[in-house]
Each structure stands twice: as C-alpha cells, then as structure tokens.
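Contents: one structure, followed by commentary.
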Amino acid sequence: MPKTYDFAAVEKDLYQWWWDQGYFKPWNDPNNADFDPDHKPYVISIPPPNVTGELHLGHAMFVSMEDLMIRYHRMKGIPTLWVPGTDHAGIATQMVVERSLSQEGISREELGRERFIEKVWEWKEKYHERIIDQIRRLGASCDWDRERFTMDEGLSHAVREVFVRLYEDGLMYRGPRMVNWSPKLQTAVSDLEVEYTDEAGMLYYFKYMLADGSGDFIPVATTRPETILGDTAVAVHPEDDRYQKYVGKNVLVPILNREIPVIADEYVDREFGTGALKITPAHDPNDYQIGEKHGLAFINILTKNATINEEGGEYAGMDRFDCRRKLWADMKEQGLVIEEKPYPMSVPRSQRSGEIIEPMISTQWFLKMKPLADPALKAVRDGTITIVPERFTKVYNNWLENIQDWCVSRQLWWGHRIPVWYCQDCDEIIASREDVTSCPKCGSSRVEQDPDVLDTWFSSWLWPFSTLGWPEQTPDLKYFYPTTMMETGYDILFFWVARMIMSGLYFTGKAPFTEIYLHGLVRDEHGKKMSKTKGNVVDPLIVMDELGTDALRFTLLVGSSAGNDINLSVKKVEANRNFANKLWNAGRFIIGAIDKVTVIEDDDQPTQETLADRWIQARLRQLVTDVNRLFESFQYGEAGRQIYDFFWGEFADWYLEIAKIQLGKDEKTAFHTVQILTSVLDTCLRLLHPFTPFVTESLWGRLKAAAMEKSDALSPEDGWEDALIIARWPEAEDAAAGDESAIADMLIVQDVIRAIRNVRTEKNIKAGSKIPATLVVSDKMDLFQSQLGMIASLAFLQAEETKLHSQIESTPQDVLTAAASGITIYLETAEHVDPIEERLRIEKELETVQSQISRLEKLLNSPFAEKAPKQVVDKERERLEQFKSTYANLSGQLANLANLD
RNA sequence: GAGCGGUUAGCUCAGUUGGUUAGAGCGUCGCGUUGACAUCGCGAAGGCCGUAGGUUCGAGUCCUAUACCGCUCACCA
C-alpha cells in the first residue's frame with residue numbers, strides 16, 4: 001500500500017468498476033422479470049445541467065449532496081434510482097453558439113434557422129459528453145442508462161402533450177400583453193428572468209402644457225424621458241386641489257404636440273414627485289393597467305431592438321438612450337424642462353445578457369397560473385411535500401399566492417417549437433400533438449407553425465415524470481413516480497421546484513416528490529459571490545486534480561447545512577485531503593496488524609476486553625446512533641463532522657495508540673484487538689462512504705481482502721459484502737447497549753494522561769525520558785491499577801516505578817505536581833525541582849481549582865439542586881468532590897514545599 | 001415596503017430535543033521524526049457567543065425589541 005492515499009490512481013477505475021458491476025442501477029427494476037412492486041424505491045431526478053455548460057461548484061454541490069443521499073439509501077437496502085440528464089437551456093445555449101459563430105463572422109440570420117439549429121445540435125453533441133464526464137468525476141452514482149435530455153424525442157413529446165392539453169383546458173392563451181422585452185436577445189423573457197439592480201439614475205421634471213393655450217402646465221417627473229413619446233394621458237389624484245381643475249382637459253405631448261387627456265385616478269400618489277403622473281400604457285406595467293382602466297390609447301414607440309419607431313416622429317430610428325438625451329435637450333430648448341435630479345432607482349436587467357429590459361406590449365403565449373398554483377400550495381400546506389429547511393415554505397407560499405401568468409413563448413430558435421399552427425386562409429389556430437399540414441376547419445394547406453419556441457423551464461418543469469416516460473404509462477413511471485427527493489439550490493425554488501409541483505399535480509395528479517432539500521450557494525472563502533471579474537472563482541476540476549474528489553465532496557458536504565450558503569476555500573479542501581490521507585494511513589496500519597496477527601480460534605475462555613476496547617466500541621455505538629439521527633433529520637454536515645471527529649480524535653489519536661500496546665501483549669489480546677480495529681474501521685468506512693466514496697471503497701476492499709485471508713473471525717456479523725457501495729448501512733443499536741462506565745472511566749484516564757503530558761511539555765521533559773510517578777487516585781484504584789500500563793506508555797512513565805495510592809500522608813520530595821479529574825499526580829524528574837517555581841505552579845493550579853469549588857458550591861446551594869434532574873445534579877456533585885480532593889492534595893503539597901524553606 | 005438569514009477565537013465556520021468549564025479547521029507559539037500518517041504527533045495561547053430585556057433552577061440554544069451585514073420578493077412616476 002502506498003504511504004499516502006493516491007486518489008488519482010483509484011478514482012477512475014473504481015467509478016468504472018461500480019458502473020460495470022451495475023451498482024448504480026436500482027436492484028429492483030420494473031423492467032426485469034424478478035421485479036417486486038412491494039419495495040418502495042428512493043428516487044431523485046437530477047437538476048439537469050446546461051448541456052453546453054462547464055462544471056462549476058454549484059454542480060459539485062448538488063452532485064455531492066444527491067450522491068450522498070443516494071448512496072446512503074442504497075446502503076440501507078432500498079431500491080435506489082438517480083435519473084441523470086441535461087437541459088437544452090434555450091437562451092444560454094443559443095447565445096454560446098451565436099457567439100462562436102460570430103467569431104467566424106457568421107450570424108444566425110445568415111445561416112438560417114435550419115442550419116443554425118443543426119449547428120447547435122453539433123455543439124450539444126460535443127459538449128454534452130464533457131459535462132457528463134465531469135459529473136461522473138464527482139462520483140455520481142446515477143443510472144446512466146436512464147439518462148435524458150430535455151429535447152429528446154420522448155421529452156419533446158411530453159412538452160407537446162402538455163402544451164396542447166393546457167390549451168384545450170383553456171389555460172394556455174395567446175395575446176398582446178405587457179412583457180419583459182430583451183432588446184439584445186430580441187425575445188420576451190419571464191418575470192423571473194429579470195433582475196433589478198440599484199443604480200444611480202435621474203428624475204427629470206418637465207412641463208405638460210395645457211392644450212388650450214392658456215400657458216398653464218402640469219409639472220410631471222419621469223426617469224425615462226423617451227417614453228414621453230408614448231404618453232397617452234396625464235393622471236392626477238381626483239382629490240388633488242392643485243390639479244383638479246385640469247381633469248378632463250387636454251395637454252400637449254412635448255415636441256410631438258399630440259393632445260392627450262388629463263385623467264383622475266387614485267393610483268397617483270400626491271406626495272410623490274410633482275403629484276402628477278404621465279401615463280405610457282405601452283411601456284410601463286402600471287401605466288398599462290391604468291390605460292386599460294381608462295380606455296387610453298396604447299402607443300408602442302419602440303422596435304424590437306429598442307430603437308424608436310415611426311411613432312417617435314423625428315426621433316424615429318434613434319437608440320432608446322440617444323433619444324432620451326436628444327429629446328430632453330430639445331425640450332430644454334423649448335422651455336419645457338423644469339429640472340433634473342439624481343435619483344436612485346432599481347433598473348430591470350436581463351438575467352442572461354445584462355442589458356436593460358424594456359416593458360413592451362407584445363403578442364405572446366401565456367399560461368394561466370392560478371389554477372395550477374392552488375393545488376401546489378395545498379400540497380405543501382397539508383404536508384404531502386415537506387421543504388427543508390422549513391423556512392422556505394413561507395417563501396414558496398408567498399410566491400404562489402401572488403403568482404402571475406407565465407409568458408412561455410420565446411423568440412428564439414433553439415428549443416421546443418410551439419405546437420401551434422395558424423391557418424393563413426381562415427385564421428384558425430390549431431394546437432396539435434401531431435404536426436399539422438392542413439387546416440382542419442377550412443382544409444387549406446396554407447398552415448404555418450408558430451415560429452417561436454417555449455421557455456426552457458417549460459420542459460424542465462416536467463422533468464420528474466417526463467424522464468420516466470410520461471405521458472406513456474411506462475413501468476418506470478409506475479414504479480419510480482412520484483420520486484422521493486428534490487434536492488437543489490434555493491435560488492431556483494420558483495423557477496423550477498414550484499413549477500414542477502404545479503405540473504406534477506396537474507398532469508399526473510400526484511406531487512412529483514415528497515421531500516425538498518434546498519442547499520445554499522457556494523461562495524468564496526470570505527463569503528463573496530464567485531465571479532470571473534472578481535477572479536475568485538474556484539474551479540472544481542482543478543481542485544479535484546490537485547486534492548482529490550473525496551476531499552472536495554467532503555468539504556462541500558460537511559461545510560454546508562440546509563438552506564445556508566457555504567464559504568469554500570482551497571485550505572478547507574486541503575484539510576479534508578489530509579483527512580482522506582489519515583483514513584488511508586489508519587487503514588494501512590490496521591491492515592498491517594491483520595497481516596501480522598496470530599489467529600486465535602474460539603477457545604472456552606471468554607475474551608477479557610480492555611477498558612479501551614469497551615470504550616471505543618461504546619463510543620462507536622453512540623456515533624452510529626447520532627449519525628443515523630442526524631441523517632434522518634437531513635443534518636448531513638453535522639453527521640460528517642461527527643464521524644470525522646470520532647475517527648481522527650478518538651479512534652486514530654487514542655485507540656490506535658492503545659492498540660499498539662495491546663498488539664504487543666499475549667496472542668489472544670492481540671487478536672481481539674485486531675478484531676476491534678477491523679470492526680471499527682469497517683463501520684467508519686460504511687458511515688463515511690456517502691461522503692467520500694472513493695477512498696472508503698478502495699480501503700474497504702483492502703481491509704476485506706486482508707481480513708478474509710486471515711480469518712472468518714474478522715468478518716462483520718453478516719459477512720463481507722461484494723462492495724462497500726452496496727454494503728449494509730450501520731443502523732443504530734439499542735441505546736441500552738452503551739457502556740457508559742467505560743466512557744466515563746476512559747475520560748478520566750485521558751484527562752490524567754493529558755495532565756502529565758502537559759507538565760512534561762511545560763518542563764521540557766523529552767519524550768524519550770521515562771520517569772517514575774506517584775498517582776493519588778482516591779476511589780479509582782481499580783481503574784488505575786488496570787490501566788497503569790496504558791497510562792505509563794502514553795504518558796511516558798516508568799510503569800514499574802509508578803506507585804498508586806488511594807490516599808497519601810506524606811508527599812514525595814522533589815516532584816512536579818499536577819491534577820486532573822480528582823487524581824493528583826507527582827512526577828519525579830531526574831533534575832532537581834525548584835521549590836519556588838513549583839510553588840508558583842501549584843498556587844496557580846490551586847487558584848483555578850478553588851474557583852471551580854466556589855462555583856460548584858454556589859451552584860449546588862442554589863435552587864438548581866432541587867429543581868434540576870437528579871442525574872444532572874449528581875454529575876455536578878461528583879465534580880465538586882473531585883475538585884475538593886484535588887484541592888486537599890495540592891495544598892498538602894504546597895505545605896510540604898513550604899516546610900522545605 | 002414585506003419576508004428571511006447571519007452576527008460565536010486572528011480568519012472561515014460547527015454547535016436542532018435548553019443541562020451549567022462553548023468546539024473544529026486554518027493561522028500563531030513551543031516541542032517532537034528508527035515503521036500507520038510531517039498530508040503527521042504532543043502541548044499552548046486565543047471567545048463576557050452583536051446589544052438590551054424576558055422566560056427558566058439553568059440560555060450560544062427559547063421569546064421580545066434593537067443595531068449592523070446579507071439575501072429574496074414587490075416596487076411610486
């Protein structure tokens with residue numbers, strides 16, 4: 001075995017081996033002859049990554065998390081399925097391909113729709129394999145035979161089915177509405193795809209001149225002067241004394257001199273700005289509503305790329321922002337400008353391209369959401385679906401309660417083409433599952449399919465069931481649906497999770513999953529969002545190359561808790577690489593011990609377990625119980641930390657060191673020690689496998705081989721399974737089986753050993769020099785008699801020269817004194833002990849002991865003694881006794897030193 | 001404007017049935033290397049757990065208020 005864990009040498013082969021052995025596939029498969037429908041499966045659908053994307057830490061996070069969940073349930077013996085796949089990501093993918101083409105000087109328009117889509121498919125083929133390989137590198141135990149892509153034939157079929165059904169049910173409608181328009185991408189986007197950023201803007205105050213030539217004007221303010229061109233009214237509050245007299249009159253649109261009415265509406269806030277509001281129904285969502293209410297004209301002033309159209313008169317053809325400046329300058333010239341003030345505003349920007357979104361009226365397909373949202377609200381409210389952490393339930397409810405209709409059409413080429421045909425002769429609109437070649441109403445063959453495609457999320461919202469074959473009632477769908485767990489980032493709770501619930505309930509009548517676990521965002525080591533411009537991006541591929549997959553996984557899993565962001569630094573990953581190495585070396589030691597030990601078959605004498613044996617096994621049982629409890633409450637990070645702490649801090653630091661002593665004793669003790677080493681390591685590897693699958697599988701295989709070669713007596717209760725990935729998960733045993741006294745005794749012993757080491761370090765006594773000691777152990781004589789050898793070895797004492805006393809009358813001369821857990825320790829050094837120095841040390845020690853005594857006496861004299869549970873009070877009483885006896889011994893020693901003077 | 005989260009050691013964070021001496025990793029300081037591991041070991045220093053109240057025998061943990069930081073949603077021109 002190599003001296004350090006060589007992850008690069010094992011990861012790839014192990015992954016392939018797992019797959020070849022079929023471990024990633026559910027052992028109970030509805031497509032197989034021996035299928036048993038009575039086993040309830042555990043199912044996760046992967047959040048499909050963008051097919052042309054590159055692996056980032058967000059992917060690493062969810063893959064680690066979901067793989068942990070899957071491996072855990074698989075080890076519990078549950079038929080487990082993790083369905084992988086990728087998303088076509090309409091806008092993102094189209095942008096990437098367009099950018100690449102533009103480098104060759106080709107635009108998508110030049111190429112034409114057909115050719116362009118071919119190009120995108122070429123990209124898809126090329127990059128799909130890359131992202132999938134990267135996900136495999138993380139150890140993802142997905143069933144790759146069931147991999148899906150949102151534009152697969154089957155999933156496309158599902159999309160059409162859904163669209164048509166919604167159309168038939170009257171939920172899908174088409175019409176001109178106010179949408180968020182992206183002038184750069186030249187498509188509508190949904191509300192969720194708009195991000196508002198706080199930016200410094202200007203508030204422009206100007207005059208709306210009365211049309212009657214009176215010279216009166218209404219002062220109005222706007223942040224977007226160019227929209228003046230589309231104004232069709234000025235609104236004032238009906239009770240505003242300043243402007244009441246103008247209501248019903250007309251005013252003149254600056255420069256254009258179009259007459260528009262002054263209207264009264266309670267929507268206007270008299271306190272804000274000038275108290276008068278210009279109304280641009282075609283370019284502002286609020287104005288849109290007012291426009292509808294008052295029957296105002298809707299004047300669209302923008303083209304698709306946000307230049308001013310012919311409605312803008314002399315400004316036609318100008319860019320929206322150029323127009324803003326020019327128009328304002330012209331107004332200034334005409335004396336219509338009052339003032340301009342800096343004004344902080346939140347600017348809507350495209351999530352994808354970053355440019356400013358224009359609210360515009362456009363004919364699009366919309367989905368009525370209210371009827372879908374209500375059942376989705378109910379499903380969470382009645383507990384059919386639970387969200388972890390629970391607080392996101394509120395966020396979920398809030399969004400669904402205020403849901404807006406979903407604009408699902410996109411003016412793109414890459415995606416699912418809208419399955420609607422328009423008859424050019426009779427204007428019939430045909431939504432169809434099959435391609436339409438002639439109008440069913442008039443028989444005309446002049447039918448044209450809607451040129452637009454559907455929002456990407458319109459396919460991914462079907463993911464949990466479309467990937468299992470829906471709308472066909474496939475065996476997979478029947479058995480694996482509804483799925484179990486939806487694990488993803490909280491940032492797509494609305495985008496994806498809520499929509500999946502809505503579609504699942506509507507189309508299958510069942511919630512698509514019963515549990516939602518939301519993880520946080522991965523940030524840099526100081527909590528800053530990672531971005532290329534900041535240069536703080538950590539590339540998971542490089543991290544895996546340098547430190548190993550397990551180290552990265554363990555860092556992400558242990559560093560995170562549900563719903564909270566995680567700050568990741570390479571230092572943390574390094575620390576966990578070290579942990580993997582620690583595992584490896586502990587394993588190496590144990591395997592070596594197995595090889596060397598002499599097998600002692602069952603004889604009649606029952607094995608006498610040492611304190612350490614009992615202690616480590618009791619602690620392991622506690623650990624298993626805790627880990628199970630934590631797993632069941634989704635506290636994976638805490639579970640991982642506890643295993644880490646146990647393995648390193650107790651098993652490796654203490655038991656392994658003690659085992660070295662026990663291995664040197666009689667053959668029977670040695671063999672039993674090897675049995676315990678083997679079994680504790682085996683259990684730890686099982687517990688850790690969901691976190692760090694590679695190092696644990698690799699090590700476990702070697703452990704198993706060594707143990708099997710040596711003796712059946714080293715096997716786990718149910719024997720060695722074929723692989724760790726499918727090995728039995730350690731279930732919590734009866735709590736009554738705990739050996740509490742072994743744990744308590746071991747604590748005392750450890751405390752004493754630490755106290756001795758402490759003094760030795762303080763006095764710079766080299767580890768090599770073994771020294772005699774005297775221990776005053778009060779009622780712990782049996783314990784210390786039995787553990788003296790171990791203590792001497794770990795604290796570098798001369799065992800044969802070390803004396804134990806229950807009480808002591810005359811303290812030894814020329815010694816160093818220490819105390820721990822009520823035990824007083826006298827160390828005899830080779831050198832002369834300076835009594836002055838020693839007195840100071842003891843006085844200091846006495847001081848802390850005295851403060852503890854005071855604290856405990858006060859506590860035990862308080863209502864605590866009556867009101868707290870007996871067990872808790874007794875524990876404190878015992879402590880007080882310990883401190884008291886320590887105090888007595890130390891002050892005796894102090895008096896002794898004083899006598900020397 | 002509404003909602004949510006955070007505030008614990010120099011840094012990054014654990015601490016989920018409240019139990020009386022608050023933990024880890026990294027960093028710092030000291031000592032240590034003939035076989036599990038220097039990707040290591042043994043020790044040390046370092047915190048009035050944001051602030052103010054409350055509940056309780058007991059609060060980092062529960063409640064109320066408040067400050068600061070962050071996030072989400074909705075947005076008044």
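Hydrogens, waters and symmetry mates are skipped; everything else that's a heavy atom, side chains included, is used. Please read all numbers here as calculations on a predicted model, not as lab measurements. Note on naming: letters A, B, ... go to the chains in the order of the sequence lines (proteins, then strands), and numbering restarts at 1 for each one.
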Task: Selection residues 264-291 of chain A - residue pairs positive for ring-ring contact (aromatic ring centres under 6.0 Å, His included), sequence neighbours left out - done: Tyr288(A)-Phe298(A)
Task: Residues forming a salt bridge (Lys or Arg N to Asp or Glu O under 4.0 Å) with Asp265(A), sequence neighbours excluded - done: Lys293(A)
TODO: Scan nucleotides 58-75 of chain B nucleotide by nucleotide, 5' to 3', and note B when protein non-hydrogen atoms come under 4.0 Å of the base, S if they reach only the sugar-phosphate, - if neither.
DONE: ---------------S-B
Distance-only check: which donor-acceptor pairs under 3.5 Å involve side-chain atoms of residues 232-239 of chain A, not counting sequence neighbours?
{"residue": "Thr232(A)", "atom": "OG1", "partner": "Ala297(A)", "partner atom": "O", "Å": "2.9"}
{"residue": "His237(A)", "atom": "ND1", "partner": "Glu239(A)", "partner atom": "N", "Å": "3.1"}

- [ ] With pairs defined as Watson-Crick or G-U wobble and both distances under 3.5 angstrom, please note down RNA chain B as a dot-bracket string, | for pairing with another strand.
- [x] (((((((..((((.....[...)))).(((((.......))))).....(((((..]....))))))))))))....
Open item on the list: Heavy atoms within less than 4.0 Å of RNA chain B: which residues of residues 582-592 of chain A have one? Give them sorted by number.
Closed with: Lys582(A), Asn585(A), Ala586(A), Arg588(A), Phe589(A)
Open item on the list: My understanding is that only residues two or more places apart in sequence, or in another chain, count here; which of them pass ring pair (Phe, Tyr, Trp, His ring centres under 6.0 Å) with Phe7(A)?
Closed with: none
TODO: Output the residues of residues 868-878 of chain A in contact with RNA chain B, where contact means a heavy atom of the residue under 4.0 Å from an atom of the strand; sort by number or write none.
DONE: Ala868(A), Pro869(A), Val872(A), Lys875(A)
TODO: Would you please name every residue forming a side-chain hydrogen bond (donor to acceptor under 3.5 Å, both in side chains) with Glu340(A), sequence neighbours left out?
DONE: Trp328(A)
Open item on the list: Suppose the criterion is side-chain hydrogen bond (donor to acceptor under 3.5 Å, both in side chains): which pairs have a residue in residues 858-873 of chain A, not counting sequence neighbours?
Closed with: Lys870(A)-Asp874(A)
Task: Set of residues satisfying side-chain hydrogen bond (donor to acceptor under 3.5 Å, both in side chains) with respect to Trp406(A), sequence neighbours excluded - done: Asp455(A)
Open item on the list: Suppose we screen for side-chain hydrogen bond (donor to acceptor under 3.5 Å, both in side chains). Which residues come up paired with Arg877(A), at least two apart in sequence or across chains?
Closed with: none
